[in-house]
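Numbering of ligands and ligand atoms starts at 1, following listing order.
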Amino acid sequence: MKICSAISLSGGQGKTTTVFFTALLLAQQGKKVLAVDADPQANLTFYLGHEVQPDEPSLFEVLTKQVEVEDGVYGTQYENLFVMPADRGLFKVSDFLSSSGAGAFILKQRLRKIHDMFDVVLIDVQPSRSQICLSAVGASDHVLIPVEANVKGVNSLVDTLDFLNEQAELEAFTGSVLGIIPFRDRWVGNTQTLEGRQNIAAMKEFAGEAPILASIRESEKFKNAIRQGKLLSELDQPDLQYPFEQIVEALTHE
Ligand code: ATP
Ligand code: MG
């Protein structure tokens, strides 16, 4: 079982979009996938058509050990794709994780129990240096860093790489950066905009060993696909799906 988190410390960088389409594609290819929503905004849970009921365990109860891990796993409308959902209450888990003294390792320990059930676990992580983020990074074999192809995105990349290096020095992050994904890269016809090109060039300077993967292009089609719960290929936009195919390739060949 491979565990991969989408981490980017600023908001709106494409984390949930990346996890959503990668999860759908992996599941469609027959991999058993668990999508973990580690963001109290709970966008991924919503995209996957799940709503946490008051008496149902979510990631919160799993992390705080009130239930067995399996009790926080739910089926979705997609074959092979399961969700460990979140709701607003997830923010309260920070106190538990910080007072436990080993917060960075708790999600890793919990997921070990379902090692045989899944091929890939994808974690959508809230945009901050929070305890939840520490725990996701601590659990990860791989990290994907989506960042907008603009100045804010480059800054998010620098912050995120700093954070991962700090965690690696503490031996709390033992995985690798699978890749950096430029998000909302604008093209006009067959021409990439100057802004996109310059900012992706800046990303390369900071990336070090980490590869820059194919861009997610700026397009309303992604929002349409999310709204309909479909892959871009199913909406006759196979070209736009390429970045997720590349991620699947990297994840399944690592
Ligand atoms: P947050 O930090 O709030 O969790 P995020 O990093 O998860 O944000 P997303 O929610 O994936 O980012 O994307 C931000 C916004 O961009 C969303 O409203 C999403 O619908 C929209 N979006 C997704 N894909 C594209 C695209 N290719 N072009 C333009 N907008 C997009
Ligand atoms: Mg998100």
Shortest protein heavy-atom distance from [atom], along with the residue and atom involved:
atom                    : answer
atom 17 (C) of ligand 1 : Y47 OH, 4.7 Å
atom 10 (O) of ligand 1 : T16 CB, 4.1 Å
atom 29 (C) of ligand 1 : R184 NE, 3.3 Å
atom 9 (P) of ligand 1  : T17 OG1, 3.6 Å
atom 1 (P) of ligand 1  : G12 N, 3.5 Å
atom 22 (N) of ligand 1 : F183 CZ, 3.7 Å
atom 21 (C) of ligand 1 : K223 CE, 3.8 Å

Inset, instruction - Count, excluding waters, the protein N, O or S atoms that are closer to the Mg ion (ligand 2) than 2.8 Å. - result: 1
Close side-chain approach of [X] and [Y], heavy atoms under 4.5 Å:
X    : Y    : answer
I181 : I247 : yes
M1   : I3   : yes
L34  : M84  : yes

Please report whether ligand 1 has a polar contact with [X], defined as an N or O pair separated by less than 3.5 Å (distance criterion only).
X   : answer
N43 : no
Q41 : yes
K15 : yes

Considering the heavy atoms of [X], write down every atom of ligand 1 situated less than 4.0 Å from one of them.
X    : answer
E218 : 28 (N), 29 (C)
G11  : 2 (O)
G14  : 5 (P), 6 (O), 9 (P), 11 (O), 12 (O)
I216 : 27 (N)
R217 : 26 (C), 27 (N), 28 (N)
D39  : 4 (O)

Legend entry - Electrostatic pair E218-R186, nearest N-O below 4.0 angstrom: no
Legend entry - Short N-O contact, E166 and R129, less than 4.0 angstrom: yes
Legend entry - Close approach of F20 to ligand 1, heavy atoms, under 4.0 angstrom: no
Inset, instruction - Have a look at ligand 1 and work out which part of P127, if any, has a heavy atom under 4.0 Å from it: side chain, backbone, both or neither. - result: side chain
Inset, instruction - Over 60° means perpendicular and under 30° means parallel, so classify the ring planes of F21 and F222, tilted if in between. - result: perpendicular
Inset, instruction - Could you label the plane-to-plane angle of the Y78 and F20 rings as parallel, tilted or perpendicular, counting under 30° as parallel and over 60° as perpendicular? - result: perpendicular
Inset, instruction - Flag this pair as yes if the NZ/CZ of K32 is under 6.0 angstrom from the six-membered ring centre of F82 and inside a 45 degree cone about the axis; otherwise no. - result: no
Inset, instruction - Could you name the option among P146, S10, S219 that has the heavy atom nearest to atom 26 (C) of ligand 1? - result: S219
Legend entry - Closest non-hydrogen atom pair between F183 and G12, with its separation: CE2-O, 3.8 Å
Inset, instruction - Give a yes or no on this: more than 12 heavy atoms of other residues, nucleotides or ligands lie within 6.0 Å of atom CG of N190. - result: no
